[in-house]
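Reviewing the structure listed below.
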Amino acid sequence: MREFRETLYPHWGQFFSIDEVLFEQKTDHQHLIIFHNKEFGRVMALDGIIQTTEHDEFIYHEMLAHVPIFAHGSTRRVLIVGGGDGGMLREVLRHNVVEHVTQVEIDQQVIDMCKRYLPNHSQGAFDDGRVNIVIDDGVEYVNNSDDTFDVIISDSTDPIGPGEALYTSRFYSGCRRCLREGGVLVTQNGCTFGQLHEVITTAERLQPLFTDYTFYAAAIPTYIGGIMAFAWATNDSSLRQTSIDVLKERFLNSGITTRYYTPDVHQAAFALPQYVIEAIK
Ligand code: SAM
């Protein structure tokens, strides 16, 4: 039986048995493989690092999409950077109040292959009339676009290869210039136990640009090593103070059903472990 062995960490990792390889190719930007595993269903990896699996993707996509949108309260325009599998787009579009989503993905082949081999992720989201797909480097887009957004979601790979650009001050300042008044940026920022240095670096780079920056967390089984940190950055500190009653009302009014996100989980997610608090001081 062939195995996929993740290469995120040199001395520690996870493996998946491969029942069937559905697609494998070096694209113009990265190595892409999509395979089937008995435990997690269809799995996609880029450059040897797990990106998403059918069985646990709901945790990550719900937490990175719904926390900023329910905190904001009147999200009309959303920018997704990365997100080629379409799961984030699917979750954002579930909000009927969202009028427009631009998704900037560097690798067309990721979109094409995920549409074909991971259809349960996008579930037709790429064909929604509210969506504008742009194939570009996200850091170039946010520094050159004239468009503005209420919520920006960086659903990127880890800072390896093309994803590295999405963890730079140039990217974060580009996001700030594209955010509307009262807007918020959230990003995938790695698992705090094995990638704490990425959390520290992001905090250092957000600090000069945003008045309210922190992280919130969730544990996703196939992002190994415990909780994953999501960066939160805004110049409207009231967003993070949204009361539980308001969150519950917005959640109820949205008509969205979830498997992980709840208003209580939303609020609790911002409570960080002491070692992370110390690290980002
Ligand atoms: N959920 C995953 C995680 O947490 O690692 C991320 C999923 S998604 C597959 C990551 C996407 O970011 C990929 O489709 C990749 O092509 C895209 N990407 C990487 N670097 C990029 C860049 N500089 N600009 C735009 N998209 C980029």
Side-chain angles (χ1 to χ4, degrees), residues 6-9 14 23 25-34 40 42-65 79-92 102-118 121-122 125-126 133-145 152-168 170-172 174-175 178 186-192 194-195 198-199 202 215 217-225 227-231 260:
E6 187 174 44
T7 57
L8 179 60
Y9 301 108
Q14 62 181 336
F23 180 81
Q25 191 174 352
K26 181 88 175 67
T27 75
D28 296 342
H29 299 277
Q30 48 211 338
H31 176 269
L32 166 59
I33 184 170
I34 300 174
F40 284 96
R42 294 186 175 195
V43 180
M44 190 255 280
L46 290 171
D47 286 341
I49 299 171
I50 292 296
Q51 298 299 305
T52 192
T53 85
E54 283 186 319
H55 291 182
D56 72 352
E57 57 88 3
F58 69 96
I59 304 170
Y60 170 86
H61 292 122
E62 288 184 15
M63 285 303 283
L64 204 48
L79 171 63
I80 297 170
V81 177
D85 54 82
M88 198 63 67
L89 186 58
R90 176 198 74 217
E91 286 303 308
V92 168
T102 290
Q103 177 161 351
V104 182
E105 163 57 57
I106 200 166
D107 197 332
Q108 176 74 57
Q109 271 205 287
V110 175
I111 292 179
D112 295 344
M113 292 306 111
C114 288
K115 271 184 181 175
R116 186 182 307 173
Y117 296 111
L118 283 176
H121 272 62
S122 52
F126 288 112
I133 301 292
V134 174
I135 301 301
D136 192 5
D137 183 333
V139 65
E140 296 312 317
Y141 182 85
V142 294
N143 280 288
N144 296 299
S145 169
I152 299 178
I153 301 171
S154 178
D155 177 14
S156 72
T157 44
D158 290 279
I160 297 157
E164 197 165 2
L166 304 183
Y167 293 80
T168 60
R170 182 158 182 266
F171 175 66
Y172 299 135
C175 289
C178 289
V186 291
T187 84
Q188 184 274 101
N189 214 110
C191 292
T192 58
Q195 296 169 293
E198 291 172 25
V199 171
T202 296
F215 298 85
I220 298 109
T222 54
Y223 299 153
I224 62 168
I227 56 170
M228 169 172 267
F230 304 111
Y260 188 90

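Read the numbers this way: they start at 1 and go in the same order the structure lists the ligands and their atoms.
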Quick one: does Glu105's side chain have a donor or acceptor within less than 3.5 Å of a partner on Asp107's backbone? yes
Glu140 bridged to Arg170 by N-O distance under 4.0 Å: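 Arg170 and Glu140: salt-bridged.
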Across all chains, not counting sequence neighbours, the side-chain contact (heavy atoms from CB on, under 4.5 Å) partners of Ser156 are Ser154, Leu166, Tyr167, Gln188
side-chain contact (heavy atoms from CB on, under 4.5 Å) involving Ala165 - partner list, sequence neighbours excluded: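 Scan of Ala165 (side-chain contact (heavy atoms from CB on, under 4.5 Å), adjacent residues dropped) gives Asp137, Val139.
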For ligand 1, would you mind listing the residues that have at least one heavy atom less than 4.0 Å away, ordered by chain and number? Gln30, Met44, Leu46, Gln51, Tyr60, Gly82, Gly83, Gly84, Asp85, Val104, Glu105, Ile106, Asp107, Val110, Asp136, Asp137, Gly138, Asp155, Ser156, Thr157, Pro162, Gly163, Leu166, Gln188, Tyr223
Could you pull out all residues at least two apart from Tyr141 that satisfy ring pair (Phe, Tyr, Trp, His ring centres under 6.0 Å)? none
Over all atoms of both residues, closest heavy-atom pair of His29 and Pro162: O-CD, 3.9 Å
